[in-house]
Amino acid sequence: MAAKTGAPSKGLRLTLGGAPATPHFIDGVPGLYCPHRATPVGGDGELTLQEAECLHGDPTIPLELIDIPAGELDAAREAVADALREAQTGVAQARRDGVDSHELTVAEKQIKNIHAAQAASDQPAVAGDKED
Amino acid sequence: MAAGYAQVAFESIVGNETNSPTLSTKLLYPPLVQCTLNLNAKPMMRDDELRNVDEPFAVLPEIYDPSWSYQSRAYPDLTGMFLKSILGAPVSTAGDGIITDLDAVVVPTGVTRHTWTSPYGPAGINPQTMQIQAAYKDETVFYKLKGAACAQLDLTSPVSGGVQLKASGLGTFMQRVSDPALTPTYEALTVRPFTRNNLAIATWLASTAVHEDFTVSIANPHEAVRTLGISSRFPDDIEKLDPPIIVTGTLPQRVINTQDWDALLNGTGFAAEIRWTSDSIIASGYPYKLIFKLANAQYVAGDANPLENKRRIGSSFNWKATNATGSAGSVQIQLMNATASYA
C-alpha cells in the first residue's frame, strides 16, 4: 500500500484515441482502464509500480502512468472496485435498468411489480413474523 | 481462444497506394463477429489469343478492386463509428443537463449527443473513408485496406443475439503488412449492445397493423476510380455516385390491415420515429440511445402474405425515408453514448 505521505500516487490512464469514458480492458494487461480517470497501481492487488512503468514505456500499449493526487486515491480505488462490481453484477443490474429506462408495456409493468413484491416479501414486516 | 483483431480509423483524405492520409484520433478495435477484406484480384486472361497452343495461358496480374465487409453486434461506440463512415461526421454535443435528445429528454453531463441530419456529409465528391487493419495473428498474417468507404449499413434486431450491424463497401489499396504490433483494446463487457427488447417503433403510420420485425438500411453508393494520377494496379480514389444517401427498411407485420395497404397504394407519407434504448446507463440514469426520426416515411413495396389455411396471415412492407417539403433535414439520426468525439 502506498505510504500516506501526501505525495501523489501513481495510476494508469487509457490513452486509446477517442475511447469512450467507460472501462476498457487491454489484451494481455490485467485490470480495467478508463480515459477519464487513472487506475491506481502499487497497492494491494494492483499492478506494481514497476509493471506499470513497463506498460507506460511500451508504445504498443495505450496506457500512460500519471500522478493521482493523494486526496483522490481512495476515490480512484473505489471507482475501480465499482467497475469490477458492475462487471460481476452487470447482467442483473442491466435487466433492472432495462425495465426502468424505457416506457413499460403492460407485461413489463407486471414483471416489475412482481419483482418489487418479491423484494418486499424478503423484508420481515415484524420481528418473529418471518417464515422458517 | 483465437488471437486476432481489426483496427478501424478514419482517413483525412481518400487513401491509396502512394499517399499517407492523416488518421483520426478516434481508433476502434471492434468486438467483431466477422470482418473480411477482399483483394478481388482480376488477372488478365489471354486464352483468347491464337498461339496454336490448346491450353490455357498463364495469367498476368493486372488490376485489383478491393472491398470489405463487417458484422458485429451494435454496441453504442462502434455504431457511431460506422454511422460516421456512411453518413459523414456527426454534430457531437456534450450533454450539460440542458440540451435534449429527439425525445425531448434532457441529456446530462457525461453523455454525448451525436446527430446526423440529412442530406448528411461530407461535402464534395468523396465519401468518408477509413483505414482498416485486419490481424490474423494466429497465422501471423496482417492486412491493411486504405480508402475503405461504406456503401451499405444494415441494422437488424433479431429476437435474440443482439442488434446486428452489418456494413460493407469498396476500398482502394490493400496490402499485406508486417505485424503492426497493435494492442487491441475493448470496452468492458458491462456496456451492452442494443438488443431487440430495446427497440420501440414510437411513431408510425396511424392504425398500422401489429409489427413483427423492423430493419433499417442506409445506402451511400460509391465507386472506386482509377484517375491515372498514379501508376497502380489499384484504384486511387473513391467517388460518390449520383443517388443521395437513402434510408430504407423493411416492416414485416403479424397481420394485415387496410391502413398499411392503402398507404402503399396511395403513397401516403407519415412521420416515424424508431428508437433503441439500451439497458446500459451512461450517466445520471440516462441510457445509451439510438433514434431515427423521419419527417416523412412512405411504403414503396409490399403486400399481404398469401391467403392460406392459417388463422393469422401477415404482411410485409418496404419503407423509405423521403423528403416531402423540399426543405433539408427530413431525417435525423441521433446516437447518445459516452464517446466524446469521432474525430
Side-chain angles (χ1 to χ4, degrees), chain A residues 12-37 39 54-64 79-108 111-112, chain B residues 1 3-5 7 9-10 23-29 75-78 80-81 92 94 103 105 109-112 137 179-192 195 197-200 202 275-283 285-289 337-343:
Chain A
L12 287 169
R13 189 186 73 84
L14 183 70
T15 59
L16 178 67
T22 54
H24 289 67
F25 61 93
I26 302 170
D27 185 20
V29 180
L32 296 176
Y33 303 91
C34 301
H36 59 295
R37 65 167 186 259
T39 298
C54 287
L55 292 171
H56 171 80
D58 187 340
T60 68
I61 305 286
L63 290 173
E64 67 171 359
V80 171
D82 285 345
L84 291 173
R85 269 194 296 271
E86 186 178 356
Q88 291 163 351
T89 61
V91 173
Q93 182 62 41
R95 180 67 187 123
R96 286 194 290 273
D97 289 345
V99 174
D100 293 341
S101 65
H102 69 102
E103 187 177 344
L104 303 178
T105 64
V106 171
E108 287 169 334
I111 292 171
K112 183 178 181 181
Chain B
M1 186 202 72
Y5 59 86
Q7 187 205 61
F10 294 116
L23 297 182
S24 59
T25 300
K26 174 66 180 174
L27 298 174
L28 178 70
Y29 293 91
Y75 285 90
D77 182 35
L78 68 85
M81 194 81 172
S92 299
D103 289 336
V105 176
T109 303
V111 179
T112 303
K137 204 165 179 184
D179 186 352
L182 301 174
T183 305
T185 304
Y186 304 97
E187 268 191 301
L189 295 167
T190 46
V191 180
R192 292 161 59 90
T195 56
N197 68 291
N198 301 151
L199 172 62
R275 180 198 311 139
W276 287 265
T277 306
S278 175
D279 297 345
S280 294
I281 300 297
I282 310 171
Y286 190 97
Y288 293 92
K289 283 189 193 178
N337 62 15
T339 306
S341 172
Y342 287 95

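All chains are named by letter (A, B, ...) in the order of the sequence lines, taking the proteins before the strands, and each is independently numbered beginning at 1. Atoms considered below: every heavy atom in the structure, side chains included; atoms not considered: hydrogens, waters and symmetry mates. This is a predicted model, so every value here is computed, not measured.
- A donor-acceptor contact closer than 3.5 angstrom links the side chains of T22(A) and E187(B).
- Interface check for chain A: of the options S24(B), A9(B), P184(B), the most heavy-atom pairs under 4.5 Å are formed by P184(B).
- Note on A21(A), C34(A), A19(A), P35(A): by heavy-atom pairs under 4.5 Å with chain B, the leading option is A21(A).
- Distance check: L55(A) CG to E64(A) CD gives 12.5 Å after rounding to the nearest 0.5 Å.
- To the nearest 0.5 Å, atoms OH (Y5(B)) and CG (L182(B)) are separated by 4.0 Å.
- The contact between D77(B) and chain A is made entirely by side chain atoms (from C-beta outward), counting heavy-atom distances below 4.5 Å.
- Taking all atoms of both residues into account, the shortest heavy-atom contact from G18(A) to K26(B) is O-NZ, 2.8 Å.
- Only the side chain of P62(A) comes within contact range of chain B, with at least one heavy atom under 4.5 Å from a heavy atom of that chain.
- Proximity to chain B is limited to the side chain of L16(A), based on heavy atoms less than 4.5 angstrom apart.
- Residue S341(B) touches chain A through its backbone alone, counting heavy-atom pairs closer than 4.5 Å.
- By number of non-hydrogen pairs under 4.5 angstrom with chain B, the leading residue of I61(A), L32(A), D27(A) is D27(A).
- Chain A forms the most heavy-atom pairs under 4.5 Å with one residue out of Y286(B), Y186(B), Y342(B), and that residue is Y186(B).
- Side-chain atoms of T185(B) come within 3.5 Å of backbone N or O of T183(B) as a donor-acceptor pair.
- With S280(B) contributing its side chain and R192(B) its backbone, the two residues share a donor-acceptor pair below 3.5 Å.
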